[in-house]
Amino acid sequence: MAFENKFNTKSSAVKRLMKEAQELHDANDEYCAYPLEENIFEWHFTIQGPPSTDFEGGIYHGKIILPPEYPMKPPNIILLTPNGRFEVNKKICLSISDHHPETWQPLWSIRTALLALIAFMPSPANGTIGSLDYAPEERRKLAWKSLNWECDHCGKIVNLLSQNKSRAREQPLLSNHETSGIDEISSTVTDTDVRERRFTSSNKNITVPQERHLEPMNGVEEDVNNSNSSSLNFLIGFLLFGILFLAMRRLLYLIL
């Protein structure tokens, strides 16, 4: 795809997306993603249902809408294929989506988001925005039906992941930033009832949470810092008052 003549290549967002498009040029057997020729800020993606889950064997298609400020701001993630875990044609609430800009890291990428999305699929819905909690049997039926699903723009999605399989084995491993990004998503989960599962990627083993309930860590750190500052100010004020009191007492003693 030639974007040089269609978009402002001086834009940091366009530069970043052109680089990611090149890195994700070849599909593999787990996921693929590519921007629309007419709009580099809209991407379509296809993922395979994670193995040993209700989604195994299913092929799921969706789109990613990126803001002009990307990668400083997170993307919108929307699934289009019925799946029983996320509502279709609705923005998904995840720590990697625009529902939680406070947890997004600019070093994360579209590939990071896709791997995290695959890992989140078998996790409990827990009432989060855009989530569904279908029965396992219904999800397996939808996984089977997904093989016949077609996108108006991309065609039959079952064919998308089978392209360039031999070349996909040569696809580069996840960068340290991408891997640490998913690890960081896991490390910021605060719900003690959340369990973790090992998601094995063709690139690398990554530990991710099954469900996310995130608290903005920056706010917590700020509260701690404010508390420490207040305590220090109180201590300094108390010491100054003591010194002043002793000085006044000494002065009165000399006068009298």
Side-chain angles (χ1 to χ4, degrees), residues 30-33 35-36 39 41-50 53-56 58-71 73-105 108-146 149-154 157 160 181-182 184-186 188-191 193-197 199 206 208-216:
E30 281 186 310
Y31 60 85
C32 67
L36 302 186
N39 184 5
F41 291 96
E42 179 176 342
W43 289 50
H44 278 224
F45 68 86
T46 305
I47 58 175
Q48 180 145 218
T53 71
D54 301 332
F55 309 95
E56 182 174 12
I59 305 294
Y60 305 97
H61 194 71
K63 59 183 178 180
I64 297 176
I65 308 298
L66 300 123
E69 298 85 1
Y70 180 82
K73 291 185 178 181
N76 290 309
I77 302 174
I78 302 169
L79 270 171
L80 303 177
T81 309
N83 55 87
R85 174 58 178 88
F86 297 107
E87 294 184 49
V88 297
N89 296 308
K90 188 171 184 178
K91 297 176 183 178
I92 297 173
C93 177
L94 294 174
S95 56
I96 54 173
S97 73
D98 73 328
H99 281 282
H100 290 277
E102 73 277 4
T103 61
W104 172 259
Q105 300 294 327
W108 296 351
S109 66
I110 291 174
R111 179 161 53 179
T112 311
L114 292 178
L115 290 172
L117 177 61
I118 294 171
F120 277 127
M121 287 193 72
S123 65
N126 289 343
T128 54
I129 298 174
S131 293
L132 299 172
D133 197 12
Y134 281 21
E137 182 180 356
E138 184 63 25
R139 287 178 171 178
R140 287 191 287 268
K141 288 181 180 179
L142 290 174
W144 181 77
K145 290 180 179 180
S146 70
W149 196 87
E150 293 189 24
C151 171
D152 293 337
H153 186 276
C154 309
I157 62 172
L160 299 178
I182 298 182
E184 185 172 346
I185 294 173
S186 177
T188 55
V189 173
T190 59
D191 187 348
D193 294 330
V194 173
R195 296 164 298 170
E196 291 186 347
R197 58 182 285 270
F199 172 66
I206 305 168
V208 292
Q210 278 199 309
E211 184 58 50
R212 54 150 320 279
H213 291 280
L214 296 167
E215 297 293 339

To the nearest 0.5 Å, atom CD1 of I118 lies from atom CD1 of I47 at 5.0 Å

Set of side chain to side chain contact (heavy atoms under 4.5 Å, CB included) partners for E42, sequence neighbours left out: L36, N39, H44, K63, I65

Ignoring hydrogens and angles, tell me if any N or O in the side chain of R139 forms a donor-acceptor pair with the backbone of G84 under 3.5 Å. yes

With a 3.5 Å distance limit and no angle check, can you tell me whether T103 reaches the backbone of S95 through a side-chain donor-acceptor pair? yes

One pair to check against side chain to side chain contact (heavy atoms under 4.5 Å, CB included): R85 and F55. What are the steps and the verdict? CA-CA 9 Å; R85 174 58 178 88; F55 309 95; 3.5 Å; yes

Validation: residues 73-82 side-chain donor-acceptor distances under 3.5 Å, sequence neighbours left out:
unit_1, atom_1, unit_2, atom_2, d
T81, OG1, H61, N, 2.9

Of all residues at least two apart in sequence or in a different chain, which pass the side chain to side chain contact (heavy atoms under 4.5 Å, CB included) check with A33? L24, W43, F45, I110, L114

What is the distance from atom CD of E30 to atom CZ of R111, rounded to the nearest 0.5 Å? 11.0 Å

Tell me every residue that passes side chain to side chain contact (heavy atoms under 4.5 Å, CB included) with P136, counting only those two or more places apart in sequence or in another chain. D54, R140

Do side-chain atoms of T46 reach the backbone of L160 as a donor and acceptor pair under 3.5 angstrom? no

State whether the side chain of W104 and the backbone N or O of P71 hold a donor-acceptor pair below 3.5 Å, judged by distance alone. yes

Is a side-chain donor or acceptor of S97 paired with a backbone partner of I92 at a separation under 3.5 angstrom? yes

Can you name the nearest heavy-atom pair linking S146 to A143, along with the distance? OG-O, 2.5 Å

If you count every heavy atom of other residues, nucleotides or ligands that lies below 6.0 Å from F41 atom CZ, does the total exceed 12? yes

When rounded to the nearest 0.5 angstrom, what is the spacing between CG in L66 and CG in D98? 10.5 Å

What's the verdict on side chain to side chain contact (heavy atoms under 4.5 Å, CB included) for I157 and I59, showing C-alpha distance, side-chain angles and the deciding distance? CA-CA 7 Å; I157 62 172; I59 305 294; 3.9 Å; yes

Considering residues at least two apart in sequence or located in another chain, which fulfil the salt bridge (charged side-chain N to carboxylate O under 4.0 Å, His left out) criterion with E56? none

Using side chain to side chain contact (heavy atoms under 4.5 Å, CB included), reason through L132 and F86 one step at a time and then give a plain yes or no. CA-CA 5 Å; L132 299 172; F86 297 107; 6.0 Å; no

Which residues pass the side chain to side chain donor-acceptor pair (under 3.5 Å) test with Y70, sequence neighbours left out? E20

Donor-acceptor check, side chain of S109 to backbone of T112, threshold 3.5 angstrom: yes or no? yes

Test side chain to side chain contact (heavy atoms under 4.5 Å, CB included) on I96 and W108 and set out the steps. CA-CA 9 Å; I96 54 173; W108 296 351; 4.1 Å; yes

